[in-house]
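Read the structure below first, then the notes.
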Amino acid sequence: MGNWDRFIETFFNAKVMARYWPDIVDGLWVTIGLAASVVVTGLVAGLALALLRSLGWRVVNWGIVLVVDLFRALPPLVIIVLIYFGLPSLDIVPSGFVSTWVSLSLVLMAFSEEIFWAGLTAVAKGQWEAARSTGLGFGQTLLWVVLPQALRITIPPLTNRTIAITKGTALGSVVAVTEILGQASSAVSNSYNPSPLTLGAAAYLVLFIPVVAFGRWVETRFAWRR
Amino acid sequence: MAEPIVRATALHKHFGALHVLKGVDLQVAERELVFIIGPSGSGKSTLLRCLNRLETPESGSVVVDGIDLLDRRTDLNHARQRIGMVFQSFNLYPHMTALGNVTLALRKMAGKSRAAADAAGMAALERVGLADRAGHRPGQLSGGQQQRVAIARAIALEPRVMLFDEPTSALDPELVGSVLAVMRALRESGMTMVVVSHEMGFARAAADRVVFMDDGMIVEQGRPAEIFETPSQARTQAFISQIQRH
Ligand SMILES: Nc1ncnc2c1ncn2[C@@H]1O[C@H](COP(=O)(O)OP(=O)(O)OP(=O)(O)O)[C@@H](O)[C@H]1O
Ligand SMILES: [Mg+2]
């Protein structure tokens, strides 16, 4: 058997692939569910923090900056492990899925808060003044005048950051989440053959290439024009 | 004299250690057009912004159309609908059409339906000669047109007083006339106006009174001809001759 055949046998083993691809597809659905949950909760929490910060309550803002810096500094895997193995000592026993979801949401919250905040502060002060001078209140000005402009500036960096963080769903395999990488890993140990990893990589490509292409489209579509 | 529609009394305002308004009194009668002139940094904008409480003076009082703007119980958002303001940099909302700019406060604050707001908004755009630009975004309008939309946004709320902070300073010279024409028409309709500007020709033609400010104080005030030709204070004289050289 030549090297080439051995390579094919190892990474593209048809028999192994045929046996395990349904597991990988199961994993794909878990990854999609996890990623979607992270995107929703992470972005909602990030926007909520940015809006809270815009109220300008000093002590609250210190707290926000502290939390945001904390979750931007910690490696996501460390947060996942801390939650998964740490919380049970407080009698809270999160599943691997929940640990990963919460951790990545916190990370996305932190990064997106900074991006939303940068967008909000980038809107000229004159916009606030003009709106307030017509009698619009703080909340209405934020909602109708400032936020739409801020979001527009925000969307390209936000899309990129969101994609980067949702790829972190693969870290869930460390805490027994049966997402793509988790399924692939157990298939590898059951079959003594790494071909399921190839399938796993293919599944990630199927999932993320459209997402990355979407990000590229968003970036050109929302390039700022007045 | 009838009760003035704007009555600011003994205003003091600091920015940090900087004493920007040093006891300013200003009264504006109904239908009066008051011009405020003075060197850069003399506190003109700050005074104007105190009149709709974009700035809050530390002491003194501001009463507009019978509403005490410094009273904590005053509903500021309600009061501000009676006080239109036009800014040097237009400050139109770039993500909305001209009509959207004009109708936002009508819909959200004055509680008008979209149809009623659109009708009022179109009427306001008509008054500034821009009904045919209702669907344009600010980025598609010239500076002069943008400023006229900003005026329409303010007058659509049917304010009792209009405040203008250097409305033509950011405009190319050839566009100044169109904005001044709108302001003149507004004046002729009987609007009470307080205008910070150095458009001397307009002041001469339209102002009832010119107020000269320097270093946070009102140095002197009077009819345009008095202030421009026979000012009594040396500082006024120096300032007038300086701007007339330009
Ligand atoms: N928000 C602020 N914070 C700190 N200082 C300020 C602020 N607004 C104005 N000032 C200062 O207060 C002084 C008066 O400013 P103001 O804008 O009222 O002057 P002005 O007469 O309108 O001048 P200009 O003709 O240049 O517009 C200036 O020295 C200015 O730098
Ligand atoms: Mg000024």
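In what follows, every chain begins at residue 1, and chains take the letters A, B, ... in the order their sequences are listed.
- Between the side chain of B/N91 and the backbone N or O of A/G126 there is at least one donor-acceptor pair closer than 3.5 Å.
- Residues A/Q127 and B/Y93 come closest through the heavy atom pair OE1-CD2, 3.3 Å.
- Of all residues in residues 62-71 of chain B, none places a non-hydrogen atom less than 4.5 angstrom from a non-hydrogen atom of chain A.
- Note that OG of A/S133 is 10.5 Å distant from CD of B/Q81, once rounded to the nearest 0.5 Å.
- Few gaps surround CH2 on A/W128; more than 12 heavy atoms of other groups in view lie less than 6.0 Å from it.
- The number of heavy atoms from other shown groups lying within 6.0 Å of CH2 (A/W117) is above 12.
- Of the two parts of B/R49, only the side chain, counted from C-beta on, holds a non-hydrogen atom closer than 4.5 Å to a non-hydrogen atom of chain A.
- Summarising the geometry, atom NZ belonging to B/K108 is positioned 12.0 Å from atom OG1 belonging to A/T141; distances are rounded to the nearest 0.5 Å.
- Separating the OG1 atom in A/T134 from the CD1 atom in B/I83 is a distance of 12.0 Å, to the nearest 0.5 Å.
- Counting non-hydrogen atoms of other residues, nucleotides and ligands closer than 6.0 Å to CZ of A/R72 gives a total above 12.
- Contact record, A/W144 with B/H95: O-NE2, 3.0 Å, taken as the closest heavy-atom pair.
- Of all heavy-atom pairs spanning B/R80 and A/R132, the tightest one is CD-O, 3.0 Å.
- Listed for the A/E129 side chain is no donor-acceptor partner under 3.5 Å among the backbone atoms of B/L54.
- Smallest separation of non-hydrogen atoms from B/M109 and A/G137: SD-N, 4.5 Å.
- Per-residue counts of heavy-atom pairs under 4.5 Å with chain A were compared for B/L104, B/D75, B/N101; the largest is that of B/L104.
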